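What follows is a single structure, written as structure tokens, with notes after it.
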Amino acid sequence: MQSIDTYDFSGKRAIIRVDFNVPLNEKFEVTDDTRIRAAIPTLKKVLAGGGAIILMSHLGRPKGPTDKYSLKHIIAAVEQRLGAKLLFASDCLGAEAAEKSKNLKPGEVLLLENLRFYAEEEGKPRGLAEDASDEEKKSAKAALKAKQKEFTKALASYADCYINDAFGTAHRAHASTALIAEYFPNDKMFGYVMEGEIKAVDKVMQNPARPFTAVLGGSKVSSKITIIEQLLKKVDNLIIGGGMTFTFAKAQGGKVGNSICEDDQLDLALRLIGEAKEKGVKLYFPDEEVIADKFAEDANTKIAPANDIPDGWQGLDASEAAVAKWKDVLLSSKTILWNGPVGVFEMEKFAKGTDAIAKIITDATQAGAYSLVGGGDSVAAVNKLGYADKVSYVSTGGGALLEYMEGVELPGVKAIRGGC
Ligand code: AMP
């Protein structure tokens, strides 16, 4: 396997899959350039080594070419961070892209238009009738597969080497994230974002300094089962907050009022509690919640035990006292993983628990713990508070991070490490 640190880029064209799927406002300005900033070290390394760059990315979920999701909107933001001008190809396929990449000189950077303007990128047929038969779906998929091969081959033809630096899409076997690697058997490598993410997750999941504490929040147990099961094999302490709290509370005979609760997951919740006991993992739930009489910023609120919430009320945030009880366990941890908010942090009124967790994790980091924060919501909370530099690692990948932690071999990782 090649490494970006030792590869000779001199006179070569590197095609780099980046994750420039950044949020834009109504004036098409980039409102959060975290992902662009994250990619810059990789780009600078290639340019400093005498190479030229072809950048490819997706933006949003277009169903075909549309101005709204054009990557032209992000050119200025990339140029500003990179400190160099970009060339742009208004179609990732075709004569313009081929010509411009062929003529690239060392030090030049070409950005290709949104890959997802083509269904071939994801390999998912588009425009199928809702009532299409299985047979029709199958044949549409087969037809697209053949076109996907041509699409991938065309992208590969632009360059001499391939770098995957898009951890956010590494869990997808798309043309640009995995399939393209096949065309560069000896000239494929991870960029620094990918390398950093893999190293951070491996550090936490393979060889954590102990005690190891995970904080899991979010809305649903059902979407976090596999990760909870994986974590139970690894952690010493597991703090579960957010909407998941109430499925566990009800399973143990608690009253959860109108709180979000998955009645079909009660048995599972009990099984997970049993598994934790068996493995000697200490489980923590918020014992007290900020409860509200409606799901709104202007709701009336009060504090109640998380397992005794009156009808008509719902738990929307871990209370200050509840979070304070987790403080000692977090401060004495040597490894901390945080994924998911412990309240409806999108509303300022119910963001205090999540903010407090973020603060405690920065304190624990200062005291010597290794902390990994991942998942869009926890990362947003950390960024909002200006704590990104005060935790050990902020992951850019949501789904990819969870799948990697669940032990799934990500297609984007496998394509670089081994076969496709
Ligand atoms: P997930 O996508 O499963 O990680 O869940 C993230 C979402 O969980 C966020 O949008 C939060 O608003 C939501 N959430 C956290 N705590 C609660 C709660 N107590 N009740 C309802 N939703 C919650």
Side-chain angles (χ1 to χ4, degrees), residues 23 168 171 214-231 238-251 254-265 268-269 272 284-323 326 337-358 372-385 394-406:
H171 57 319
V215 183
L216 269 194
S219 53
K220 289 185 173 166
V221 183
S222 52
S223 62
K224 302 259 162 98
I225 300 168
T226 328
I227 184 70
I228 294 176
E229 282 177 333
Q230 277 300 322
L231 287 173
L238 178 57
I239 297 173
I240 293 184
M244 287 193 286
T245 306
F246 307 105
T247 303
F248 285 96
K250 187 163 179 182
K255 263 187 69 189
V256 299
N258 289 11
S259 307
I260 183 174
C261 179
E262 291 169 282
D263 286 323
D264 56 344
Q265 304 291 334
L268 172 87
L272 292 172
Y284 297 82
F285 298 101
D287 50 11
E288 223 185 53
E289 281 273 314
V290 176
I291 62 169
D293 59 358
K294 59 178 173 180
F295 189 84
E297 190 83 71
D298 63 347
N300 293 306
T301 61
K302 54 186 182 180
I303 304 289
N307 59 1
D308 193 13
I309 297 177
D311 290 339
W313 292 76
Q314 51 191 305
L316 294 184
D317 195 14
S319 78
E320 205 181 326
V323 177
W326 298 333
L337 168 72
W338 179 27
N339 178 275
V342 297
V344 182
F345 80 115
E346 295 92 338
M347 291 188 234
E348 207 41 53
K349 199 167 199 165
F350 308 109
K352 294 192 186 73
T354 301
D355 290 355
I357 290 281
L372 168 60
V373 180
D377 294 332
S378 323
V379 172
V382 160
N383 283 337
K384 178 186 89 177
L385 298 164
V394 177
S395 171
T396 55
L401 177 77
L402 286 181
E403 287 194 25
Y404 194 59
M405 288 194 307
E406 284 166 10

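This chain uses plain numbering: 1 for the first residue, then up along the sequence. Just so it is clear, the structure is predicted and the values come from calculations on it, not from any experiment. One-based numbering, in listed order, for ligands and for the atoms of each.
- Every residue two or more places apart in sequence or in another chain that forms a salt bridge (Lys or Arg N to Asp or Glu O under 4.0 Å) with Asp355 is listed here: Lys384.
- The shortest N or O to N or O distance between Asp317 and ligand 1 is not under 3.5 Å.
- The contact set between ligand 1 and Leu316, taken as ligand atoms under 4.0 Å from a residue heavy atom, comprises 19 (N), 20 (N).
- Here is the list of ligand 1 atoms found below 4.0 Å of a heavy atom in Ile260: 20 (N), 21 (C).
- Atom CD of Glu320 has 12 or fewer heavy atoms from other residues, nucleotides or ligands within 6.0 Å.
- At a 4.0 Å cut-off, at least one heavy atom of Phe246 sits close enough to ligand 1 to count as contact.
- Under the side chain to side chain contact (heavy atoms under 4.5 Å, CB included) criterion, Asp264 pairs with Glu262, sequence neighbours left out.
- Heavy atoms of Gly343 approach ligand 1 to within less than 4.0 angstrom.
- Summary of contacts: the protein heavy atom closest to atom 10 (O) of ligand 1 is Glu346 OE2, 2.4 Å.
- Of the protein's non-hydrogen atoms, Lys224 NZ, 3.1 Å is the one closest to atom 4 (O) of ligand 1.
- Close contacts of ligand 1 with Gly243, meaning ligand atoms under 4.0 Å from a residue heavy atom, involve 15 (C), 16 (N), 17 (C), 18 (C), 19 (N).
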Between Ile228 and Met244, is the side-chain contact (heavy atoms from CB on, under 4.5 Å) condition met? List the steps.
CA-CA 11 Å; Ile228 294 176; Met244 287 193 286; 4.3 Å; yes

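- Remark: minimum distance from atom 8 (O) of ligand 1 to any protein heavy atom is reached at Ser219 N, 3.3 Å.
- Taking a 4.0 Å cut-off on heavy atoms, Gln314 fails to register as neighbouring ligand 1.
- No salt bridge links Asp317 with Lys352; every basic N to acidic carboxylate O contact stays at or beyond 4.0 Å.
- When atom types are taken as modelled, the side chain of Lys349 and the backbone of Glu297 share a donor-acceptor pair closer than 3.5 angstrom.
- Residue Val344 has at least one heavy-atom neighbour below 4.0 Å for each of these atoms of ligand 1: 12 (O), 15 (C), 16 (N), 17 (C), 18 (C), 20 (N), 21 (C), 22 (N), 23 (C).
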Might you work through the side-chain contact (heavy atoms from CB on, under 4.5 Å) test for Val290 and Leu316, ending with a clear yes or no?
CA-CA 6 Å; Val290 176; Leu316 294 184; 5.9 Å; no

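- Inspection of the Ser319 and Glu288 side chains reveals an N or O donor paired with an N or O acceptor under 3.5 Å.
- With respect to atom 19 (N) of ligand 1, the closest heavy atom belonging to the protein is Gly315 O, 3.0 Å.
- In this structure the side chain of Ser395 reaches within 4.5 angstrom of the side chain of Leu372, judged on heavy atoms.
- Between the choices Val221, Val290, Asp377, the shortest heavy-atom distance to atom 6 (C) of ligand 1 belongs to Asp377.
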